[in-house]
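Written below as structure tokens is the structure these notes are about.
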Amino acid sequence: MKIRTRFAPSPTGYMHIGNLRTALYEYLIAKAKGGDFLLRIEDTDQKRYVEGATDIIYDTLKMVGINWDEGPDIGGDFGPYIQSERKDLYAPYAHKLVELGGAHYCFCAEREKEYDAEGNEVICKFEDPCKRIPLEEARKRIAAGEPYTIRQTINKTGKSKYEDKVYGIIEIDYDELDEGVLLKTDGFPTYNFANVIDDHLMGITHVVRGSEYLPSTPKYNLMYDTFGWERPVYVHLPPVMKDAQHKLSKRNGDASFQDLLAKGYLPEAIINYIALLGWNPGTEQEIFSIKELEQIFSIDRLNKSPAIFDIVKLTWMNGVYIRNLPAEEFYRLAEPHLADMPANVDKRALAAALQPRIETFGQIAEQVAFVKALPDYAPELFVNKKMKTDIEVARKALPLIKEVLTDQTEWNNDALFAALKSLAEANGMKNGQILYPARIAFSGQETTPGGATELAVVLGKDECLRRIDTAIAKL
RNA sequence: GGUCCCAUCGUCUAAUGGUUAGGACAUCACCCUUUCACGGUGGUAAUAUGGGUUCGAAUCCCGUUGGGAUCACCA
């Protein structure tokens, strides 16, 4: 049978990394077996709807290469793919479930949470009295216009059992299960209900979702069973954590896909990194394109313990992707970050120096700050033990360098390097004793995108000579 | 609190009863070098804990500890 999976986000704001990973795995589970991946928007909670959130979902998935075979925008044989447009479809199933004995009408007021003296939530089991209202009487009250919900009916004896593809056999007492609302007063289904109906109607074979649903899955199974529908294969995923204690959330600065993009991470690197957060290929390869992942992904190599999102490793991986970029492509991506460079600066030369030295595009700004304005640096910068330079050496070297550069006509890296190298030789100095002071004089920075001669090319002759004068004045 | 789940270097993970417990990131050292990077070589670093089972346990079982999830007319 053809595998069908779905990504079913609710449009409530930004796409966070855990969400994206779920979508990725859903996509890969289907694609690895030549199946279909569909997109369904779950907007049954009208109160939480955020304008523009669906576009973020579309854009994000497209950008990382997760393409859906069916969805709200492209349609398909099982539409509509937006739950609010499916609204009228759910109620008949809910009433049907009442008839089959899997649910009942409930007239209780909305439950409010209770808190004890210390402000902790009081957990008490809810026993629905409406369960005992005879069906005929309930129907009369509904006909009379009384507001109602439809609640799942659960026979509280015995144990439920099912197999999850990553967690194995899960057994839970039916007594633990809550008789949750299926159809709300406003006529909308709850997530629990809409999910079951839609997944069945859309022919979803593998339900892939976060492990927080592990304990409530028996409730879904009960519905499948009562309707006489085949249960799907369950694949529950462990959470992505911010640290050992906290799940990654979109609150307070936790990485969202959009945030990472803004900081200069590449979509390919992000997707590669999160694919490995909870899954591994069983080989030592770590760099994968999404196309490669489609070939080799398998459910059995999914991990069941939570994984902490490590921005440091992502950053490293992003650096790998940046270094692998063709020079043209790198320049295209780096250029916007070089927008405020002086007009005479050779941006291509600068970009070439930058490519092996940055891990995110966001790092460009600080690396090139010196080009626009020489920082006010301390003379101590000229001291470097390894290069055997100090202030004395700089005092001797800088005037010599100035002399050579003033006469220099061919202003490119090789020519400049040759000139300075022979200057060192002529004076019985080490290369570093000439080049290190030159680099500091040009940049005023301890670390720079390139060596002295590369900086010289970027800055141009006049500016270099000016900066050497500044340096000499400092000493 | 009840229930469910999880537990290998700091982090992501490999090892599905027999390995000097492997790799990657990070970190440290060295090499290369025109600084910083890149690249190369090497090092530090882990089976939470106590009991079993077994010739043999990271691996199977039980307890403990620690962590997470869940118990909404949110998804």
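So that the names make sense, note that chain A is the first sequence line, chain B the second, and so on, each numbered from 1.
- As rounded to whole Å, 13 Å separates atom P of B:rU70 from atom CD1 of A:Ile172.
- Salt-bridge check for A:Asp178 with A:Lys219: failed, with every basic side-chain N at 4.0 Å or more from each acidic carboxylate O.
- Distance from the side chain of A:Glu284 is smallest to B:rG22 among B:rU11, B:rG22, B:rC73.
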inquiry  = Is there a side chain to side chain contact (heavy atoms under 4.5 Å, CB included) between A:Tyr213 and A:His236? Walk through the geometry before answering.
reply    = CA-CA 8 Å; A:Tyr213 294 105; A:His236 285 95; 3.7 Å; yes
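- A salt bridge links A:Lys313 with A:Glu286: the closest approach of a Lys/Arg side-chain nitrogen to an acidic carboxylate oxygen falls below 4.0 angstrom.
- Side-chain proximity of A:Gln245 to B:rU3, B:rU35, B:rG67: nearest is B:rG67.
- For B:rA7, the paired base is B:rU65 (Watson-Crick or G-U wobble, both distances below 3.5 Å).
- Comparing B:rG2, B:rC71, B:rC12 against the side chain of A:Asp178 picks out B:rC71 as the nearest.
- Among B:rA14, B:rG68, B:rU70, the nucleotide with an atom closest to any side-chain atom of A:Asn303 is B:rA14.
- In this structure, A:Glu212 atom CD and B:rC5 atom P are separated by 16 Å, rounded to whole Å.
- Rounding to the nearest 0.5 angstrom, the gap separating the CG atom in A:Asn280 from the CG atom in A:Asn303 is 7.0 Å.
- In this model, a side-chain donor or acceptor of A:Tyr213 finds a partner on the base of B:rA75 within 3.5 Å.
- Checked against B:rC6, B:rA15, B:rC73, the side chain of A:Ser305 finds its nearest nucleotide in B:rC6.
- Rounded to whole Å, atom P of B:rU3 lies 18 Å from atom OH of A:Tyr174.
- Nucleotide B:rU8 holds its P atom 12 Å from the NZ atom of A:Lys304, rounded to whole Å.
- Salt bridge annotation for A:Arg467-A:Glu463: present, with a cationic side-chain nitrogen under 4.0 angstrom from a carboxylate oxygen.
- A:Cys108 comes within contact range of at least one nucleobase, with a heavy-atom separation under 4.0 Å.
- At distances below 3.5 Å, at least one donor-acceptor pair connects side-chain atoms of A:Tyr25 with backbone N or O atoms of A:Ala275.
- If you check residues 145-167 of chain A against RNA chain B, the residues with a heavy atom closer than 4.0 Å are A:Thr149, A:Arg151, A:Tyr167, listed by number.
- The distance between atom CG of A:Asp186 and atom C1' of B:rA72, rounded to the nearest whole Å, is 14 Å.
- Closest approach to the A:Arg357 side chain among B:rC36, B:rA14, B:rA75 is made by B:rC36 (side chain taken as heavy atoms from C-beta onward).
- When distances are taken from the side chain of A:Lys184 to each of B:rG39, B:rC73, B:rA24, the shortest belongs to B:rC73.
- In this structure, of B:rA75, B:rU3, B:rA26, it is B:rA26 that holds the atom nearest to the side chain of A:Trp316.
- The listed nucleotides are B:rA75, B:rU70, B:rA24; the one nearest the side chain of A:Glu286 is B:rA24.
- Under a 4.0 Å N-O distance rule, the pair A:Arg40/A:Glu42 qualifies as a salt bridge.
- Distances from the side chain of A:Asn413 to the nucleotides B:rG39, B:rU34, B:rC12 place B:rU34 closest.
- A cation-pi arrangement is found for A:Arg348 relative to A:Tyr331, the charged atom lying closer than 6.0 Å to the ring centre and inside a 45° cone about the ring normal.
- Contacts between residues 422-446 of chain A and RNA chain B, defined by a heavy-atom separation below 4.0 Å, involve A:Leu435, A:Tyr436, A:Arg439, A:Glu446, listed by number.
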